[in-house]
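Below is one structure; the comments refer to it alone.
The first residue in the sequence is number 1, and the count goes up from there. No hydrogens, no waters, no symmetry mates; every other heavy atom, side chains included, goes into these values. Computed from a predicted model, the values in this text were never measured in an experiment.
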Amino acid sequence: MEILVLVVVAFLMLAVGVPIGIALCCGLLALSFTFGTIDVSFISQAMYTGQESLPILAVPCFMLAGDIMQRGGLTDRLVNIAKKMTGHMAGGLGNVTIVASLFFGAISGSAPATTSAIGGNMIPAMVDEGHYDKAYGTGLAAVAGALGIIIPPSIPFVVFASVTSASVGDLFLAGIIPGVLVAAALIFTHTMQAKRRGYVDKKPRASLIEVLKAVWDGKWAVLMPVIILGGIYSGVFTPTEASVVAVVYGVVIGIFVYKNLTWKELWGIFMKTATSVGGFMLAYAPAACLGSTLILLGTTGKISRLLSGLTNNIYVILFIVVIFLMIAGMFLDTTSNLVVFGPILYSILSPMGVNVIHLGVIMIVCLAVGFVTPPVCMNVFVASNMTGLPMEKIVKPVVPQIVALFIVCLLLAFVPGFSLLLV
């Protein structure tokens, strides 16, 4: 009954447009005032201690690094590399959108930022080409933007590590193969759709020299994730220190190398990122308290008994987890889902032999689908703001891509090797 009151109040608040963090607080307060299970001091303490984590300090810096690199000229060079590599394929510009999102995800760690940066370049290019329907191009940019939280360094991986004590470095490494698999699935699906819809905008295949020139021009952008992951695994710096290195690297490249960024513009980027960080923490702190409350109410044991009562087959359980996460991603943002359900699922699945790194990959790839599935589909809202198209027109043309993402989620859940091979 306590959980029902909490959930109903929170969703009523969400239904009237209250921000997710405030809605969760309202649910927690309703639980406190109605049943007295928790008091206000517990809520405030849990919200504070939930953020008292060293890995979570990396999140603001990775967000800042992504904003700096987007404004510093790295995005255009990554798009140029993608054009040289995939522009000759059927539906070339769509494939460029996917590959460029894969590359940009490696320097931003954010799905909405990837959608904004790559979509801002590629949606007008696809429309101007004359072959692409505007709604389809917009939807494709939104779906491809989900790669931003899968390919490392990923902000959600840092969040998951903060609530489960998993290794951030191992999670980053584990995200490489799943990220490439998701990109390959999107490219395959898009190519089939491009041929069916007549989006065959084939360009001449770029020569090896042209590809190498594009890579050389964008070498500083490509090197960033190499430096971050290499520094973590060589022991030169921790993941939290790596986020600061990413900020400094972005400033140096943007101002002194590419010269697309000025010191005056840097202050505006700081202010923009501060707003984003504030929104992130507003969702993170109440979600951390909600997670602690659910554990206090014995939710972990109840769910574990429910699953074991249904079946002992680990594949059936993982299938249920995938479906649950995809539904949860439709209604709650990624941060809240990770903070609330990460510790619960870990405590349930770990005794069944599911590795914490494998679980992290499953959660983040499944929740990435939530960025393009209504009603809480952040990438779609970002893309809609860029083109003015309504949400339903953006989502409908890319349903095949969403189905492809679901299939990849099942593949990653059932085959741990994809997540653990590099680890």
For this session: Evaluate the side-chain contact (heavy atoms from CB on, under 4.5 Å) criterion for residues Arg77 and Asn260: first the C-alpha distance (whole Å), next the side-chain angles of each, then the deciding distance (0.1 Å), finally the verdict.
Result: CA-CA 12 Å; Arg77 288 162 175 83; Asn260 286 65; 4.1 Å; yes
For this session: State, with a plain yes or no, whether a side-chain heavy atom of Leu345 is found less than 4.5 Å away from one of Ile362.
Result: no
Exercise. Got a donor-acceptor contact below 3.5 angstrom from the Ser384 side chain to the Leu389 backbone?
Worked result: yes
Problem set entry | Evaluation steps, side-chain contact (heavy atoms from CB on, under 4.5 Å), between Ile317 and Ile348 | CA-CA 10 Å; Ile317 291 174; Ile348 293 171; 6.0 Å; no
For this session: Please say whether more than 12 non-hydrogen atoms of neighbouring residues, nucleotides or ligands are located less than 6.0 Å from CE in Met378.
Result: no
Problem set entry | Backbone of Thr97 reached by a side-chain donor or acceptor of Ser101 within 3.5 Å | yes
Exercise. How are the rings of Phe11 and Phe331 set to each other: parallel, tilted or perpendicular (split at 30° and 60°)?
Worked result: perpendicular
Problem set entry | Enclosure of Met85 CE (heavy-atom neighbours >12, cutoff 6.0 Å) | no
Exercise. In Å, rounded to the nearest 0.5 Å, how long is the span from CG of Leu147 to OG of Ser154?
Worked result: 11.0 Å
Seminar exercise, completed: Shortest non-hydrogen pair, Ala23 vs Met13, comes out as CB-CB, 3.6 Å
Exercise. Taking C-beta and beyond as the side chain, do Thr189 and Val403 meet within less than 4.5 Å on heavy atoms?
Worked result: no
Exercise. In Å and rounded to the nearest 0.5 Å, what is the CG to CZ distance from Leu266 to Arg71?
Worked result: 10.5 Å
Problem set entry | N/O donor-acceptor pair under 3.5 Å between Gln193 side chain and Pro397 backbone | yes
Problem set entry | Atom pair SG/CD1 of Cys61 and Ile155 - distance to nearest 0.5 Å | 10.5 Å
Seminar exercise, completed: Shortest non-hydrogen pair, Ser167 vs Ile357, comes out as O-CD1, 4.2 Å
Exercise. Just wondering, do Val322 and Phe406 contact through their side chains at under 4.5 Å, heavy atoms?
Worked result: yes
Exercise. Do Cys377 and Phe381 come close enough that some side-chain heavy atom pair is under 4.5 Å?
Worked result: yes
For this session: Assess whether side-chain contact (heavy atoms from CB on, under 4.5 Å) is satisfied between Tyr136 and His190, documenting all intermediate values.
Result: CA-CA 10 Å; Tyr136 177 79; His190 163 68; 2.7 Å; yes
Problem set entry | From CA spacing to verdict: side-chain contact (heavy atoms from CB on, under 4.5 Å), Val382, Phe371 | CA-CA 10 Å; Val382 170; Phe371 282 98; over 6 Å; no
Problem set entry | Validation row: Met122, Ile118 side chains within 4.5 angstrom (heavy atoms) | yes
Exercise. Hey, does the side chain of Ser347 reach the backbone of Ile344 with a donor-acceptor pair shorter than 3.5 angstrom?
Worked result: yes
Exercise. Rounded to the nearest 0.5 Å, how far apart are CG of Leu367 and SG of Cys409?
Worked result: 9.0 Å
Exercise. Is the Lys NZ or Arg CZ of Lys213 less than 6.0 Å from the centre of Trp216's six-membered ring, within 45° of the axis?
Worked result: no
Exercise. Can you check whether Leu412's main-chain N or O pairs, donor with acceptor, with His358's side chain at less than 3.5 Å?
Worked result: yes
Exercise. Would a 4.5 Å heavy-atom cut-off, applied to side chains only, mark Ile187 and Val99 as touching?
Worked result: yes
Problem set entry | Minimal non-hydrogen separation, Val340 against Leu290, with atom names | CG2-CD2, 3.7 Å
Exercise. More than 12 non-hydrogen atoms from neighbouring residues, nucleotides or ligands closer than 6.0 Å to CZ on Phe414, yes or no?
Worked result: yes
Exercise. Taking the side chain as C-beta and beyond, is there a heavy-atom pair between Val395 and Pro374 under 4.5 Å?
Worked result: yes
For this session: Measure the CG-CG distance between Leu338 and Asp333 for me, rounded to the nearest 0.5 Å.
Result: 9.0 Å
Problem set entry | Result of checking Val398, Thr373, Leu186 against Leu405 for side-chain contact (heavy atoms from CB on, under 4.5 Å) | Leu186
Seminar exercise, completed: Residues Pro152 and Gly175: closest non-hydrogen pair is CD-C, 3.9 Å
Problem set entry | Distance in Å, Ile98 CD1 paired with Leu93 CG, rounded so as to fall on 0.5 Å steps | 11.5 Å
For this session: Examine distances only and state if a side-chain atom of Tyr346 and a backbone atom of Gly360 form a donor-acceptor pair shorter than 3.5 Å.
Result: no
For this session: Identify the heavy atoms of Gly169 and Ile232 that sit nearest to each other, and give their distance.
Result: CA-CG2, 3.9 Å
Exercise. How about Lys396: does its NZ atom have over 12 heavy atoms from other parts shown lying under 6.0 Å from it?
Worked result: no
For this session: State, yes or no, whether a side-chain contact exists between Ile269 and Leu64 at a heavy-atom distance under 4.5 Å.
Result: yes
Exercise. Closest approach of Leu359 and Gly342, non-hydrogen atoms and distance?
Worked result: CD2-O, 4.4 Å
